[in-house]
Amino acid sequence: MTITSKNILLGGAAGQGLDTSANLLGKHLNRLGYQILLTKDYMSRIRGGHNFYQIKIDNQAVKAPQKTTDMLFCFNQETNELHFDKVNKGGIIAGEISDSKEIEIHQSDQESISLHLPWNQWATKIVENPRTLSTVALASMAYFLGLSENKLIELINQSFKESLVDINEKAVKTGYQRTKEAIKEHNLLTKIKESWLEPIENQDENEQILISGNEATGMSAIASGCKFFSTYPMTPSTGIMNYLAKKQKEANLVVEQSEDEIAGINKALGASSMGVRAMTATSGGGFSLMVESLGMSGVAEIPLVVANVQRPGPATGLPTRTEQADLQFVLTAAQGEFPRAVISLTSIEDAFYRVNKAFEIAEKYQIPVIVLSDQYLADSTASLSPFQFQKLNCHDYTINDQGLARQKQQYGKYVRYEFNSESGISPRAYPGQYTGETVLIDSHEHDIYGNITEDSEIRTAMVDKRMRKLEKLKSEMSSPNYYGAENPKTILLSWGSTEGIIQEAVDNLRASGYSVGSLHFSDLFPFPDTTLPELVDKCKFISVENNATGQLAQLIARETGIQVSQKILRYDGRQITWEEICSQLKSLIKEDQ
């Protein structure tokens, strides 16, 4: 029997080369035409501890990771101890699972096969370089999946610099051949072949890309015309900066690693005030430091995109884990009242298109736009069809010659904060755009020219002008995406990175006979128009979130008056799974009956 879908888990200690093995295996599978979703769980340390990666492999788009695994690959014994109970019946466990220097075979009660393979010894004694452990293990895993040794060697030649190609090619041959010999010696070939992936047709015609959430965010920023990015590195947002730094010469982009988060956002504000599309990125702790400058963006009406890639707090929290606990914070961050937009990324593909929307809204309405991502989405990698760059926008929203001529006729000069506009959007010029015209920008309250003022009437007029932007901005917020049964009895309410997981849960629940659907929010503030008021008497609402208090449910109550009392929440730093959503929803429905 040939299996077309597979879930594998590889684990070990930081410093053993897990990242290299997982990413090269993912790249290899993607090139062969398989659809993959690669997720990682890692500790905040350089060496030691326990890290693991999961790769879901299929011949169709993968929406969500799987809680159980078909193959467990162990870089150390601890991996087997921690994940043995996740292995499906009849699964395979291979790698460093004992202290033996010899190959060993074990049969478990679950009909799984455990094969001890001394990868470290092969790297040290045969390849004669212990640092090739990751490549030896990669080749061994490739054999278990039925992948070609020659194709893997091609990838190695393209992935390593020239001085490392020969030693890693030797490591591939060692890992592949030694694994093949071990399986043949223990008469396991028939069993292993049952687990091989079905070959994908037209491999040479495969054009799909393999990209992470942070990379998609960075790519979209470049395609949206971003020319200045500054920040202080903070996990899990650093991948955005790393991607942009690699592309800065090619994209004519300036990437500035600042001394702290305050400097990072202020430099981005400075660049934007000069007419350059700018962005900064951080996580919750760094965003906490940025909030006064966020207010500067609001009062001075300087466009800015701020990506907050969430991790658990408070304070340092869990630096390398995931959570959705910053929503209520970003809705009102910074003192005073000013318009802003808050949007969340729902998938890696969505990140590419929605970050573009963030730049367009920031420029059009001259406001800060906060983009909420999280560690799960940021660090996940998926196979996707190539992005359609032609769908992105990059408009120039600064004042034109005709607008300036009108102002000069009315006021005698350029007026930065003109407030006789129904939209609340003033004509924006940047310093140097028009010779002889002065552009004043200040963090204090100001008059129409930009001069500091404490006049009460001007203050009231300016606040009203800025807040009027929200009226039109709301029409640009996307309504939540519905997925599921046509007339559901239960609707799951969710937001951000859980979209694929929620859809997987809905599919499984419906297959079990449950009448269920989901409303998934991407744009969060201004709160979009929804069908919630129409459905409140027809359906049961349950919020599904990665936080402890149901922050989307709180926002819904504030904006619509609808109280969502039942919640499925997870806040241990790990992403909620579709399996636990199914289990908890069934329990909630049973309790109500």
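- No side-chain donor-acceptor contact under 3.5 Å links T217 and N214.
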After noting the C-alpha distance and the side-chain angles of Q554 and T549, does the key distance pass the side-chain hydrogen bond (donor to acceptor under 3.5 Å, both in side chains) rule? CA-CA 8 Å; Q554 293 176 43; T549 57; 3.1 Å; yes
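- Aromatic rings from Y414 and Y449 are positioned such that their centres are separated by 6.0 Å or more.
- Within the structure, no pair that satisfies the salt bridge (Lys or Arg N to Asp or Glu O under 4.0 Å) test touches residues 220-239, not counting sequence neighbours.
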Verdict with reasoning, K469 to I367, per side-chain contact (heavy atoms from CB on, under 4.5 Å): CA-CA 9 Å; K469 297 178 184 181; I367 58 172; 3.9 Å; yes
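- Remark: the Q575 side chain and the S497 side chain contain an N/O donor-acceptor pair separated by less than 3.5 Å.
- Applying the 6.0 Å contact sphere to CD of E422 captures no more than 12 heavy atoms from other residues, nucleotides or ligands.
- Remark: the D379 side chain and the Y42 side chain contain an N/O donor-acceptor pair separated by less than 3.5 Å.
- Here the closest non-hydrogen pair linking M279 and A221 is SD-CB, 3.9 Å.
- Within a 6.0 Å sphere centred on NZ of K27, other residues, nucleotides and ligands contribute 12 heavy atoms or fewer.
- The number of heavy-atom neighbours closer than 6.0 Å to CZ of F419, taken from other residues, nucleotides and ligands shown, is above 12.
- Judged purely by distance below 3.5 Å, without hydrogens or angles, the side chains of T453 and H446 never pair a donor atom with an acceptor atom.
- For residues 569-580, the pairs satisfying salt bridge (Lys or Arg N to Asp or Glu O under 4.0 Å) are D41-R574, R570-D572, R570-E580, with sequence neighbours left out.
- K267 has a carboxylate O that lies under 4.0 Å from a charged side-chain N of E256, or vice versa, which qualifies the two as a salt bridge.
- Atom CD of E457 sits about 13.5 Å away from atom CG of D447, to the nearest 0.5 Å.
- Under the 3.5 Å distance criterion, with hydrogens and angles disregarded, no donor-acceptor pair is assigned to the side chains of Y571 and Q324.
- The shortest distance between side-chain heavy atoms of V62 and I36 does not fall below 4.5 Å.
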Show, in sequence, the C-alpha distance, side-chain angles and deciding distance for D326 and F287, and conclude whether the side-chain contact (heavy atoms from CB on, under 4.5 Å) test is met. CA-CA 10 Å; D326 292 356; F287 187 81; 6.0 Å; no
Are I542 and L588 close enough, and set up right, to give a side-chain contact (heavy atoms from CB on, under 4.5 Å), and what steps lead you there? CA-CA 9 Å; I542 300 174; L588 289 173; 3.9 Å; yes
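- Ring planes of F521 and F527: parallel class, angle under 30° (limits at 30 and 60°).
- Using a 30° and 60° split on the angle between ring planes, F352 and F387 fall in the parallel class, below 30°.
- Contact of the I576 side chain with the V544 side chain is registered, since non-hydrogen atoms from C-beta on lie closer than 4.5 Å.
- You'll find the side chain of E363 reaches within 4.5 Å of the side chain of R277, heavy atoms only.
- No more than 12 heavy atoms of other residues, nucleotides or ligands shown are found within 6.0 angstrom of OH on Y232.
- Aromatic ring centroids of H83 and F52 lie under 6.0 Å apart.
- Remark: K40 fails to qualify as a cation-pi partner of Y376 under the 6.0 Å distance and 45° angle criteria applied to the six-membered ring.
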Could you walk me through whether M234 and R311 pass the side-chain contact (heavy atoms from CB on, under 4.5 Å) check? CA-CA 10 Å; M234 188 174 189; R311 72 189 205 190; 3.4 Å; yes
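- Using a 4.5 Å heavy-atom threshold, the side chains of L519 and T530 count as separate.
- No side-chain donor from either of N356 and S220 sits under 3.5 Å from a side-chain acceptor of the other.
- With S478 as the fixed residue, the side chain to side chain donor-acceptor pair (under 3.5 Å) test singles out one of D523, T346, D529: D523.
- By the 4.0 Å N-to-carboxylate-O rule, E301 lies close enough to K465 to be salt-bridged with it.
- Contact check for L552 versus S543: no side-chain heavy atoms found under the 4.5 Å cut-off.
- Of the charged side-chain nitrogens involved, none lies within less than 4.0 Å of a carboxylate oxygen, so that E476 and K357 do not count as a salt-bridged pair.
- Between A341 and I361, the shortest heavy-atom contact is CB-CG2, 4.2 Å.
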